[in-house]
Amino acid sequence: MIDIKLLREDTDRIRSAIATKKFHCDLDTVLGLDASRREKITEAERARAAQKAANTEMAGLVKGSPEFLEKVKEMKEMAAQAKDLEADAKAADAAFQAAFLEIPNLPDSSVPVGKGENDNVVASTWGDAEAAFPHALPHFDIPWFESRIDFARGVKATGAGFPFYVGEMSRLVRALVNFFLQEAQANGYEEVLPPIVVNAESATATGQLPDKEGQMYVDENEGLYLIPTAEVPVTNFYRDEILEAGQLPICRCAYTPCFRREAGSWGAHVRGLNRLHQFDKVELVKWTDAESSMEELEKLRENVEGTLQKLELPYRVLRMCTGDIGFPHAKQYDLEVFAAGQKRWLEVSSCSNFTDFQARRAGIRYRNADGKLITAHTLNGSGLAVPRVLAALLENNLQADGRVKVPECLQYWMRQSYVGECH
RNA sequence: GGAGAAGUGGCUGAGUGGCCGAAAGCGCUUCUUUGCUAAAGAAGUGAACCUCAAAAGGGUUCCGCGGGUUCGAAUCCCGCCUUCUCCGCCA
């Protein structure tokens with residue numbers, strides 16, 4: 001959530017900033033709820049204070065004496081009134097909180113203004129997407145593809161979008177995960193292995209709830225959600241904690257499977273590995289102070305770019321425009337690799353600064369040099385998501401003989417130069 | 001899953017209906033003493049929200065969480081969560 005003081009004091013600026021994002025919210029309603037909430041709280045507190053004062057007075061009286069009993073009678077009414085006012089205040093506060101939670105984060109001033117994905121700006125490209133990939137095919141058209149990444153068996157076991165990776169494809173996934181983790185560690189991110197189901201509080205803190213409830217798989221019995229990204233458990237590691245400024249920035253990485261329902265999004269562009277309900281990803285997460293988060297975002301992006309370069313996959317960096325960045329995002333870069341078979345750019349990483357938006361929801365603060373409590377900033381980025389990297393790798397590295405060349409950086413785990421040998 | 005016990009401030013821990021936001025100790029901060037360190041002494045030492053132009057000040061809430069009883073709850077009652085012990089099950 002944003003800083004309520006900002007909203008009260010600088011409403012017009014907030015209004016115009018949010019108007020550039022794709023989320024709708026009624027600031028006037030929120031401000032109205034805020035005003036009535038405060039009024040009711042003040043009223044309730046005044047009643048409670050009066051009651052307390054009278055009570056203290058009463059503590060001095062002899063129990064059971066006539067004046068005591070008289071006073072009790074009086075106090076009954078007072079107490080009932082205070083209780084009612086308190087209930088009103090509580091309801092008003094809850095109404096405000098619910099509405100307040102619907103306000104998206106403000107885009108940073110450096111974010112290009114735009115309506116949607118066509119207004120994103122290509123910040124840079126690496127490698128040569130125009131190069132000849134004479135043998136490239138869409139990965140799902142490679143003759144052996146369906147026997148090594150088996151969607152049909154996945155349908156049988158689970159449903160669409162849950163493939164089996166068989167044999168060397170399974171090992172290749174594992175190699176990618178290991179490589180990503182090794183890169184993250186080399187860049188100073190400490191590895192954690194988090195829970196892959198989370199409770200509602202965690203999902204609310206990072207912004208999946210209340211808005212994107214339909215995107216997650218839920219265990220109704222336990223009230224737990226399968227994580228759509230490791231961002232959720234990892235960011236919540238420090239929920240409701242106070243950090244020391246000297247600890248920051250804290251950099252963590254985590255490998256997890258990710259689960260996304262992606263309801264209603266099946267079609268031509270989601271064949272094969274392009275979009276799955278379950279996929280593997282290494283996530284990078286940072287907690288920083290309020291001053292350095294934008295700087296840290298650039299470093300985060302550079303770290304991910306370095307990993308893509310070692311994989312020798314052509315990629316481009318998009319500066320996402322105001323109309324295309326997410327609900328809790330202040331600034332976002334998307335990294336897309338070029339898949340030469342499909343002749344498409346595939347998003348493999350999203351590097352984002354959430355400023356204090358998630359941390360305020362999550363109660364993550366730090367003590368600065370003056371001993372003051374400041375809301376921390378949180379950032380994260382995929383580093384990287386496996387299936388689309390794998391898709392691009394299969395397509396771009398496809399040889400004339402139908403085999404796929406394994407990049408040098410994966411040799412430590414794969415120990416073979418090619419996959420997809422014909423048997 | 002069954003039986004029992006427990007959850008108090010940064011930590012240990014006292015507190016069984018009003019004088020308790022909470023004893024005491026530890027820790028931490030500042031000061032004094034000191035050649036330095038140690039030791040000793042003194043003072044201070046949570047958070048959220050409301051009020052206030054701001055600061056100061058004032059107020060409300062917070063003793064696992066949520067309800068209830070009562071004029072009044074850390075203290076009594078109910079539900080839940082978590083931890084520990086024992087039993088069962090189990091990678």
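Letters A, B, ... are given to chains in the order of the sequence lines, protein chains preceding strands, and every chain is numbered from 1. Just so it is clear, the values below take in all heavy atoms, side chains as well, and ignore hydrogens, waters and symmetry mates. From a predicted model like this one, the values you see are computed outputs, not experimental measurements.
- Side-chain atoms of A:Y189 and A:L300, non-hydrogen and from C-beta on, do get closer than 4.5 Å to each other.
- B:G15 and B:G25 are spaced 15 Å apart, taking the C1' atom of each and rounding to whole Å.
- Here A:F259 and A:H277 keep their ring centres 6.0 angstrom or further from each other.
- Shown here is A:K76, whose NZ atom has no more than 12 heavy atoms of other residues, nucleotides or ligands within 6.0 Å.
- Between A:Q247 atom CD and B:G10 atom C1' the separation is 14 Å, expressed in whole Å.
- Only the C1' atoms considered, B:G72 is 8 Å distant from B:G17, to the nearest whole Å.
- Applying the side-chain hydrogen bond (donor to acceptor under 3.5 Å, both in side chains) rule to pairs touching residues 90-99 of chain A yields A:R37-A:D93, sequence neighbours excluded.
- A heavy-atom distance below 4.5 Å is not found between the side chains of A:V304 and A:Y333.
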Would you mind building the protein contact string for nucleotides 54-73 of chain B? One character per nucleotide, 5' to 3', B for base within reach (heavy atoms under 4.0 Å), S for sugar-phosphate only, - for untouched. -----BBS-----S-S-BS-
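- Taking atom CG on A:L85 and atom C1' on B:C50, their separation rounds to 14 Å, with Å as the unit.
- Taking atom C1' in both B:U33 and B:A38, the straight-line distance is 13 Å, to the nearest Å.
- Across B:U8 and B:U75, the matching C1' atoms stand 11 Å from one another, rounded to whole Å.
- Listed by first and then second residue, the salt bridge (Lys or Arg N to Asp or Glu O under 4.0 Å) pairs that reach into residues 231-253 of chain A are A:E190-A:R252, sequence neighbours excluded.
- Atom pair A:D240:CG and B:G9:C1' shows a separation of 16 Å (rounding to whole Å applied).
- Heavy atoms of other residues, nucleotides or ligands lying less than 6.0 angstrom from CD of A:E146 number 12 at most.
- The CG atom of A:D10 sits 19 Å away from the P atom of B:A53 (whole-angstrom rounding).
- In RNA chain B, the stems built from three or more successive Watson-Crick or G-U pairs (distances below 3.5 Å) are B:1-7 with B:81-87, B:10-12 with B:24-26, B:27-32 with B:40-45, B:46-51 with B:57-62, B:64-68 with B:76-80.
- In this structure, the CD atom of A:Q97 is 14 Å from the P atom of B:A48, given to the nearest Å.
- Separating the C1' atom of B:G79 from that of B:U60 is a span of 27 Å, rounded to the nearest Å.
- Nucleotide B:C52 holds its P atom 12 Å from the CD atom of A:E39, rounded to whole Å.
- B:C63 and B:U16 have their C1' atoms separated by 14 Å, given to the nearest Å.
- In this structure, A:R8 reaches the B:C50 phosphate: one of its side-chain N or O atoms is under 4.0 Å from OP1 or OP2.
- Pairing each heavy atom of A:V282 with each of A:V177, the nearest pair is CG2-O, 4.0 Å.
- When the P atom of B:G18 is taken as reference, atom CE of A:M78 falls 21 Å away, rounded to whole Å.
- Residue A:I242 is out of contact with every strand shown, counting any heavy-atom pair closer than 4.0 Å.
- Checking A:Q215, A:E213, A:Q208 one by one against A:Y225, the side-chain hydrogen bond (donor to acceptor under 3.5 Å, both in side chains) holds for a single residue, A:E213.
- Between A:T20 and A:T322, the shortest heavy-atom distance links the atoms O-OG1, 3.0 Å.
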For side chain to side chain donor-acceptor pair (under 3.5 Å), just list the numbers for A:E283 and A:T256, CA-CA rounded to whole Å, side-chain angles, deciding distance to a tenth of an Å, and then say yes or no. CA-CA 8 Å; A:E283 185 74 3; A:T256 67; over 6 Å; no
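- Between B:U69 and B:G21, the distance separating the two P atoms is 22 Å to the nearest Å.
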Could you run down nucleotides 74-83 of chain B 5' to 3' and tag each one B, S or - for protein heavy-atom contact under 4.0 Å? ----------
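- Between B:A73 and B:A56, the distance separating the two P atoms is 31 Å to the nearest Å.
- For residues 349-361 of chain A, the pairs satisfying salt bridge (Lys or Arg N to Asp or Glu O under 4.0 Å) are A:D356-A:R360, with sequence neighbours left out.
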